[in-house]
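Below is one structure, written out as structure tokens; comments come after it.
This is a predicted model, so every value here is computed, not measured.
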Amino acid sequence: MYVNSADRARFLEVVLVKGGRTKIRYPAELLADDGARVTVRAPWAGDAVRDFGFVRFEAGDVFTEHYWRDRWYAVKEVRAATGALKGWYCDITRPAALLDTELVVEDLDLDLWRSADGADVRRLDEDEFAASGLARTDPAAAAAAAAALDELEALARGDGFAALLA
């Protein structure tokens, strides 16, 4: 189902699960659902500024988030309140599940950042992933997560990133 301006806006809750517990939940506007990919838009859901050194997430930022039911990642376009593109923050996750009005996503600790100009592509939180013990408790999921990070990095460094989000 695609949602356009003629349709009444549909809101749902994004539920981010980490380590078996809900890490955060926040309302988001459903923009599109084609059966494989769910796209939502939401304001920065954090209660404070989050400064990574290479990017700051803060009040007024808007995230257009793409989740897949058949891929092990989510890609979030980040824009400042002015509309200026900051970049893309990518989470390595289990495939998303849309359950009625909740979009449930399990975060697997690995992340990737791609700056707006594509010059800065960096892997994040590989230490957290190693410490999570997923490789021991669910080796297949750990392998899928590692492969997803490699795939996203290749797309982010090449021409495939734009096509992924088209």
- Query: Is it the case that one hydrophobic cluster holds both L16 and L30, taking links as side-chain heavy atoms less than 4.5 Å apart, direct or via other members?
  - Reply: yes
- Item | T93 side-chain N/O to P95 backbone N/O, donor-acceptor pair under 3.5 Å | no
- Can you find a pair of side-chain heavy atoms, one from L112 and one from L149, that are under 4.5 Å apart? yes
- Item | Point-to-point distance, once rounded to the nearest 0.5 Å, from CD of E29 to CZ of R41 | 6.0 Å
- Report the relative orientation of the aromatic rings in F54 and W113; use parallel for angles under 30°, tilted for 30 to 60°, perpendicular for over 60°. tilted
- Item | Smallest separation among heavy atoms of V40 and L103, with atom names | CG1-CD2, 4.5 Å
- Message: Regarding R10 and D33, does a basic nitrogen lie under 4.0 Å from an acidic carboxylate oxygen?
- Response: no
- Query: Of all heavy-atom pairs between Y89 and L124, which one has the smallest distance, and what is that distance?
  - Reply: CE1-CD1, 3.7 Å
- Item | CZ-NZ distance between R79 and K86, expressed to the nearest 0.5 angstrom | 12.0 Å
- Message: Taking the side chain as everything from C-beta on, heavy atoms only, tell me whether R25 gets closer than 4.5 Å to E102.
- Response: yes
- Message: What I want to check is whether the side chains of D91 and Y73 have a donor and an acceptor closer together than 3.5 Å.
- Response: no
- Among the clusters formed by ILVMFWY side chains lying less than 4.5 Å apart, do V17 and L99 turn up in the same one? yes
- Answer yes or no: is there a side-chain heavy-atom contact under 4.5 Å between F161 and R114? yes
- Are any non-hydrogen side-chain atoms of E126 and E128 less than 4.5 angstrom apart? no
- Message: If I take atom CZ from residue F11 and atom OH from residue Y26, how far apart are they, to the nearest 0.5 angstrom?
- Response: 14.0 Å
- State, yes or no, whether a side-chain contact exists between R123 and L110 at a heavy-atom distance under 4.5 Å. no
- Task: Answer yes or no: is there a side-chain heavy-atom contact under 4.5 Å between T39 and Y67?
- Result: no
- Task: Check R94, K18, R21 against E106 for a salt bridge (Lys or Arg N to Asp or Glu O under 4.0 Å) and give me the one that passes.
- Result: R94
- Task: Determine, using the 4.5 Å side-chain heavy-atom cutoff (strictly less than), whether L98 and V105 are members of one ILVMFWY cluster.
- Result: yes
- Note on the structure: Closest heavy-atom pair, L152 versus V75, reported as atoms and distance to 0.1 Å, is CD2-CG2, 4.0 Å
- First locate atom CZ of R56, then atom CH2 of W44, and finally report the distance between them rounded to the nearest 0.5 Å. 11.0 Å
- If you take all heavy atoms of W72 and A148, which pair is closest and at what distance? O-CB, 3.5 Å
- Task: Kindly indicate whether the side chain of D109, heavy atoms from C-beta on, has any atom under 4.5 Å from the side chain of I92.
- Result: no
- Output for pair (E13 CD, T22 OG1), nearest 0.5 Å, gives 10.0 Å
- Message: Are there over 12 heavy-atom neighbours, none belonging to D127, within less than 6.0 Å of that residue's CG?
- Response: yes
- Item | Nearest non-hydrogen partners of P27 and A42, listed with the distance | O-CB, 3.6 Å
- Query: Is there a side-chain contact between L31 and T64 (heavy atoms, below 4.5 Å)?
  - Reply: yes
- Query: Would you call the rings of F57 and F52 parallel, tilted or perpendicular if under 30° counts as parallel and over 60° as perpendicular?
  - Reply: perpendicular
- On a heavy-atom basis, the closest approach of A28 and V14 is CB-CG2, 3.9 Å
- How far apart are the C-alpha atoms of E77 and L85, what are their side-chain angles, what is the distance that settles it, and do they pass the side chain to side chain contact (heavy atoms under 4.5 Å, CB included) test? CA-CA 8 Å; E77 177 190 275; L85 178 64; 3.5 Å; yes
- Task: Salt-bridge test for R50 and D61: reply yes if a basic N is under 4.0 Å from a carboxylate O, no otherwise.
- Result: no
- Hphob cluster co-occupancy, V55 + V78, side-chain heavy atoms under 4.5 angstrom: yes
- Task: Please check if atom CG in D117 has more than 12 non-hydrogen atoms from other residues, nucleotides or ligands closer than 6.0 Å.
- Result: yes
